[in-house]
Amino acid sequence: MFTSSDLYWKKNGCETSNRTTNYRTDIICYCNHATAFAVLLIRQPIAKIHWEILSYISYIGCGLSAFFTALSLVIYVFSGNHKLDYSISIHVSLSGALFLLNTTFLLTEWGATVDPDWVCVFVAALMHYSLLCCFTWMAIEALHLYLLLIKVFNAYYKHYLVKLSLAGWGIPGIIVGISLAVKDFKQFYGVTQLTMADTNQTNAICWITDDSFFYSLNLVYFTLIFIFNSGILVTVASSICKIKVIRHNLKAPPDAEGKTWRDPAMASESCRSGLTVLGLTCLMGTTWGLAFLGSGYTNYPVIYLFCILNSLQGFFIFLWICLSAQKQRRREMEDRMNSTPVRSSGIKSE
């Protein structure tokens with residue numbers, strides 16, 4: 001970092017190197033301040049002290065999410081019992097997209113320091129592709145939940161998972177492919193310099209280089225998915241509340257009016273319903289909507305929540321998959337016990 005008052009380079013987490021090309025020597029400054037997860041959707045300048053804290057949070061969260069999403073993929077591959085379950089297959093697909101996003105995010109600073117330019121372009125394009133895949137699979141989660149709970153999923157859809165996979169992995173691939181194809185006219189991916197708010201230090205990462213492309217594509221794409229997922233979430237949450245009330249009214253005795261909320265069973269069921277809604281909120285990526293509250297000005301509480309919740313999303317989905325698999329095994333065991341054949345001396349008719 002160069003200061004005009006002192007007329008010398010301050011290191012402060014940065015290193016300088018000389019690069020000579022065509023008899024010209026350039027002084028290049030590389031900084032190692034790490035990167036906050038919020039840069040994926042928020043481009044507001046962040047103070048240096050907050051930047052470092054957010055970077056540590058982001059790297060720890062992405063590391064945990066990458067580990068647990070990889071664990072989800074391994075368990076799914078080696079467990080053939082759940083491959084016919086559409087819901088778990090969709091959860092694992094979202095986990096795969098998050099694994100790509102977390103791993104490429106951890107490589108984004110390294111890519112900016114590698115000499116061949118195409119390496120940084122590849123890392124930036126792969127991270128953008130994985131981010132769009134995450135958003136698309138979140139929308140697929142909402143669509144599947146709508147068909148499952150609202151439309152009562154009893155219709156047969158031919159090649160259902162194949163069609164969802166083509167949409168979940170194909171649509172982002174088309175967008176990123178077109179963006180890379182026009183590189184001769186406009187380069188959208190490469191080294192991006194992020195400036196801190198209280199200093200003139202910059203941090204180089206591999207990401208989208210054009211602000212107009214960043215806002216017009218990323219935020220518009222996510223906004224449409226966020227509106228769709230929020231509508232589905234509200235609809236499903238209201239349906240869960242109605243089902244809970246109806247179920248309790250059927251079980252409650254006639255003289256239980258006025259004692260509803262003091263009933264331990266009702267309180268426990270309400271707690272489970274609340275946790276279910278929170279799980280669906282994470283599953284549909286509603287927490288990414290915090291980016292709207294962090295746009296226009298630097299809102300540090302929102303940025304901290306954004307980094308914590310979204311960098312750990314892969315870990316939360318791993319817990320959701322484990323609970324879903326446990327419920328499915330319990331349901332299969334109950335069905336097996338209820339369908340146990342009873343010996344009879346009667347004649348079997350065909």
Taking the side chain as everything from C-beta on, heavy atoms only, tell me whether [X] gets closer than 4.5 Å to [Y].
X      : Y      : answer
Tyr304 : Ile53  : yes
Glu109 : Asn203 : yes
Trp137 : Ser165 : yes
Phe68  : Ser95  : no
Leu94  : Glu141 : yes
Leu312 : Leu64  : yes

### Query
Hey, mind stepping through Phe222 and Phe292 against ring-ring contact (aromatic ring centres under 6.0 Å, His included) and telling me if it holds?
CA-CA 10 Å; Phe222 173 69; Phe292 298 124; 5.7 Å; yes
### Task
For this output row, return yes or no: ring centroids of Phe67 and Phe318 closer than 6.0 angstrom.
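No, too far apart.
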### Near-ring test Trp207/Phe213, centroid separation under 6.0 angstrom
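No, ring centres 6.0 Å or more apart.
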Between atom [atom1] of [X] and atom [atom2] of [Y], what is the distance when rounded to the nearest 0.5 Å?
X      : Y      : atom1 : atom2 : answer
Thr287 : Asn310 : OG1   : CG    : 4.0 Å
Asn102 : Tyr59  : CG    : OH    : 12.0 Å
Leu98  : Ile317 : CG    : CD1   : 5.0 Å
Ile232 : Leu280 : CD1   : CG    : 11.5 Å
Cys133 : Leu101 : SG    : CG    : 10.0 Å
Phe226 : Leu233 : CZ    : CG    : 9.5 Å

Answer yes if [X] and [Y] sit in the same cluster of Ile, Leu, Val, Met, Phe, Trp and Tyr residues linked by side chain heavy atoms under 4.5 Å apart, and no otherwise.
X      : Y      : value
Met284 : Leu224 : no
Tyr160 : Val162 : no
Ile90  : Leu166 : no
Val182 : Ile171 : yes
Ile175 : Tyr215 : yes

Are the side chain of [X] and the backbone of [Y] linked by a donor-acceptor contact shorter than 3.5 Å?
X      : Y      : result
Tyr300 : Ala47  : yes
Ser65  : Ser311 : yes
Thr298 : Ile46  : no
Thr113 : Trp110 : yes

### Task
Kindly indicate, with the supporting measurements, whether the criterion side chain to side chain contact (heavy atoms under 4.5 Å, CB included) is fulfilled by Tyr146 and Val236.
CA-CA 7 Å; Tyr146 176 78; Val236 171; 6.0 Å; no
Between [X] and [Y], which heavy-atom pair has the shortest distance, and what is it?
X      : Y      : answer
Tyr221 : Thr136 : OH-OG1, 2.5 Å
Leu100 : Ser130 : CB-CB, 3.6 Å
Leu131 : Leu40  : CD2-O, 4.1 Å
Val191 : Thr209 : O-CG2, 3.7 Å
Met138 : Asn229 : O-ND2, 3.3 Å
Thr103 : Ala66  : CG2-CB, 4.2 Å

### Message
Parallel, tilted or perpendicular, judged at 30° and 60°: which one describes the rings of Trp320 and His91?
### Response
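Correct class here is perpendicular.
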### Task
Quick one: do Trp288 and Phe37 satisfy ring-ring contact (aromatic ring centres under 6.0 Å, His included)? Show the steps, please.
CA-CA 11 Å; Trp288 288 78; Phe37 198 71; 5.8 Å; yes
When the side chains of residues 119-129 are checked against the rest of the protein, which donor-acceptor pairs come out under 3.5 Å, sequence neighbours left out?
from: His128; atom 1: ND1; to: Tyr189; atom 2: OH; distance (Å): 2.7
from: His128; atom 1: NE2; to: Asn218; atom 2: OD1; distance (Å): 2.7
from: Tyr129; atom 1: OH; to: Trp169; atom 2: O; distance (Å): 3.0

